[in-house]
Amino acid sequence: MTKEELYRRAQRTVAARRQRVVTARRAAQEQAEREHPELAELRKERTAAGIEAARLAASGAPQDEVDAALAKAARADAAQQALLQADPALAARLAPAYTCPVCEDTGRVGGAVCECVHTLVRGMRRAAINASSPLALCSFDTFSLEKYPDTRLPGQELTVRAHMAEVLEYCRYYAAHFSPGNSPSLYLYGSAGLGKTHLALSIANTVLEQGRDVVYVSAQNAFSAIERERFSDAEGDTLAALQSADLLILDDLGTEYISPYVSSCLYGLINTRVCRRLPTIYTSNIVNDADLQRRYTEKIVSRLLGSCETLCFCGEDVRLQGV
């Protein structure tokens with residue numbers, strides 16, 4: 001779903017919460033009035049006085065008559081408050097049990113979207129990512145450097161483990177200082193099982209906690225969905241969701257089926273997000289430019305790599321080491 005669709009769904013959830021509260025309070029009020037007839041009389045008196053004040057004001061009656069009707073309504077209100085103060089248990093039964101007392105389940109505070117709506121949206125996005133990835137298992141703290149050999153990289157003084165430690169710290173810093181419009185896109189590349197998805201999801205976890213909209217999807221699933229939506233009446237706008245997320249993680253780039261339409265969509269996606277200054281994290285097993293050129297057009301490769309900082313993952317498949 002797009003960010004806008006998520007917010008519409010969250011607002012519907014909040015509205016449903018409020019309706020449940022209103023229904024429950026109405027039932028509690030009716031029960032209380034059966035047990036305490038004086039409550040019913042005070043409510044009727046308050047309603048009648050309010051209607052009378054409105055009628056008098058609309059008909060141009062003298063202000064003292066309008067004020068008298070309003071005073072009668074105020075006396076009924078005061079009498080009801082006194083009755084409830086004398087019976088705390090009754091007052092508690094009649095108090096509306098809002099899920100969010102800040103906005104009283106309206107979803108807005110002072111004209112702005114309430115934090116409860118933002119929280120719902122983050123929860124829905126997190127649930128969507130969890131459904132298609134091991135998000136809950138991925139964090140910077142669970143990224144084990146001990147799985148990488150402490151041997152030198154070919155032609156360098158740096159060891160594989162030291163190099164991966166630098167990659168880890170870069171990703172940690174990137175997540176902590178993430179900002180749409182300022183953070184660069186990343187191209188994480190290396191052989192299978194070296195932790196690319198783990199660190200991408202670790203970034204996602206941190207950015208989600210910051211209240212940002214994060215979309216995670218494998219390239220294969222993303223472009224398969226786009227193809228299906230092209231030729232069917234099925235609901236959904238995958239491409240729009242990918243284009244608008246604060247952070248998009250496109251996992252396993254290179255596993256998608258390439259057709260002229262998919263190539264066009266991929267270029268359009270890269271270009272749209274670059275123009276909107278929205279960061280994307282790509283992970284891929286394609287480790288050199290020549291292989292990228294063979295799979296994609298020069299135009300795609302130039303736009304992709306030209307918009308990304310690249311992080312090389314090296315070592316041996318950590319998944320074969322019990323991770």
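Heads up: numbering here begins at 1 and tracks the sequence.
Using modelled atom types, one finds a donor on one side chain and an acceptor on the other under 3.5 Å when comparing Asn221 with Ser218. In summary, the side chains of Arg34 and Gln31 do present a donor paired with an acceptor at a separation below 3.5 Å, with no hydrogens or angles considered. Between Glu309 and Ser185, the side chains place no donor N or O within less than 3.5 Å of an acceptor N or O (distance only, hydrogens not considered). Side-chain contact check for Thr23 and Gln19: at least one donor-acceptor pair (N or O, by modelled atom type) lies under 3.5 Å. Side-chain contact of Gln81 with Gln85: a donor-acceptor pair under 3.5 Å is absent, judged by distance alone.
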Donor-acceptor contacts, no H, no angles, side chain residues 92-104, under 3.5 Å, sequence neighbours left out:
residue: Arg93; atom: NH1; partner: Glu35; partner atom: OE1; Å: 3.0
residue: Arg93; atom: NH2; partner: Glu35; partner atom: OE1; Å: 3.3

Quiz item: Can you list the steps and then say if Ile258 with Tyr296 is a side chain to side chain contact (heavy atoms under 4.5 Å, CB included)?
Solution: CA-CA 8 Å; Ile258 285 293; Tyr296 304 111; 3.5 Å; yes

Quiz item: Could you walk me through whether Asp252 and Thr255 pass the side-chain hydrogen bond (donor to acceptor under 3.5 Å, both in side chains) check?
Solution: CA-CA 6 Å; Asp252 281 333; Thr255 60; 5.2 Å; no

Practice problem: Run the numbers on Leu186 and Thr280 for side chain to side chain contact (heavy atoms under 4.5 Å, CB included), then give the verdict. | Solution: CA-CA 6 Å; Leu186 303 179; Thr280 306; over 6 Å; no

Self-check item: Candidate pair Glu166 and Arg161, rule salt bridge (Lys or Arg N to Asp or Glu O under 4.0 Å), full reasoning
Solution: CA-CA 9 Å; Glu166 290 183 355; Arg161 185 177 299 170; over 6 Å; no

Practice problem: Assess whether side chain to side chain contact (heavy atoms under 4.5 Å, CB included) is satisfied between Glu45 and Lys72, documenting all intermediate values. | Solution: CA-CA 8 Å; Glu45 183 179 329; Lys72 187 176 181 179; 4.1 Å; yes

Quiz prompt | Criterion side-chain hydrogen bond (donor to acceptor under 3.5 Å, both in side chains) on Ser139 and His198, from CA distance to verdict | solution = CA-CA 7 Å; Ser139 72; His198 186 120; 5.5 Å; no

Practice problem: Walk me through it: do Leu158 and Arg152 pass the test side chain to side chain contact (heavy atoms under 4.5 Å, CB included)? | Solution: CA-CA 6 Å; Leu158 204 63; Arg152 288 184 182 179; over 6 Å; no

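Interatomic distance, CD of Glu227 versus CZ of Phe223, reported as 10.0 Å (0.5 Å rounding). Here Arg276 contributes atom CZ and Asn271 contributes atom CG; the two are 10.5 Å apart, rounded to the nearest 0.5 Å.
Side-chain contact between Ile203 and Phe140 is present, with at least one heavy-atom pair separated by less than 4.5 Å. Here the side chains of Ile226 and Val262 are not in contact, with every heavy-atom distance at 4.5 Å or above. The shortest distance between side-chain heavy atoms of Ile281 and Tyr174 falls below 4.5 Å. Side-chain contact check for Tyr170 versus Leu311: some heavy-atom pair is nearer than 4.5 Å. Inter-residue side-chain proximity for Ile286 and Tyr189 is flagged as unmet; no heavy-atom pair is nearer than 4.5 Å. A heavy-atom distance below 4.5 Å is not found between the side chains of Leu247 and Asp213. A 4.5 Å side-chain heavy-atom check between Leu278 and Leu248 finds every atom pair outside the cut-off. Using a 4.5 Å heavy-atom threshold, the side chains of Cys114 and Thr106 count as separate.
Within the 3.5 Å criterion, the main-chain N or O of Ser259 finds a donor-acceptor partner in the side chain of Ser263. Under a 3.5 Å cut-off, the side chain of Ser264 and the backbone N or O of Pro260 do not form any donor-acceptor pair. Checking side-chain atoms of His163 against main-chain N and O of Cys312 turns up a donor-acceptor pair under 3.5 Å. Between the side chain of Asp77 and the backbone N or O of Arg46, no donor-acceptor pair lies under 3.5 Å. In this structure a side-chain-to-backbone donor-acceptor pair under 3.5 Å is present from Tyr148 to Leu194. Ser307 places a side-chain N or O within 3.5 Å of a backbone atom of Leu304 that can act as its donor or acceptor partner.
With sequence neighbours left out, the side chain to side chain donor-acceptor pair (under 3.5 Å) criterion links Tyr261 to no other residue.
Using cut-offs of 30° and 60° on the angle between ring planes, the pair Tyr187 and Tyr282 is tilted.
Of all non-hydrogen atoms in Gly315 and Pro149, the two that sit nearest each other are CA-CD, 4.2 Å. A pairwise comparison of heavy atoms in Ala49 and Ala69 identifies CB-O, 3.6 Å as the closest pair. The two residues Gln243 and Arg273 make their nearest non-hydrogen contact at O-NH1, 3.3 Å.
Through side-chain heavy atoms spaced under 4.5 Å, either directly or across other Ile, Leu, Val, Met, Phe, Trp or Tyr residues, Leu70 is tied to Leu56, Val66.
The pair Glu256-Arg295 counts as a salt bridge, with a side-chain nitrogen and a carboxylate oxygen less than 4.0 angstrom apart. Arg17 and Asp105 are not joined by a salt bridge, as no carboxylate oxygen comes within less than 4.0 angstrom of a charged side-chain nitrogen. Contact check on Arg25 versus Glu30 returns no salt bridge, with no Lys/Arg side-chain nitrogen under 4.0 Å from an Asp/Glu carboxylate oxygen. Between Glu115 and Arg122 there is a salt bridge, with a side-chain nitrogen of the basic residue lying less than 4.0 Å from a carboxylate oxygen of the acidic one. Using a cut-off of 4.0 Å between Lys/Arg side-chain N and Asp/Glu carboxylate O, Asp246 and Arg125 are scored as not salt-bridged.
Hydrophobic clustering (ILVMFWY, side-chain heavy atoms < 4.5 Å, transitive): Leu90 and Val21 are in distinct clusters.
Within 6.0 Å of CZ on Arg277 lie no more than 12 heavy atoms contributed by other residues, nucleotides or ligands. For CD of Glu298, the number of neighbouring non-hydrogen atoms (other residues, nucleotides, ligands) closer than 6.0 Å is 12 at most.
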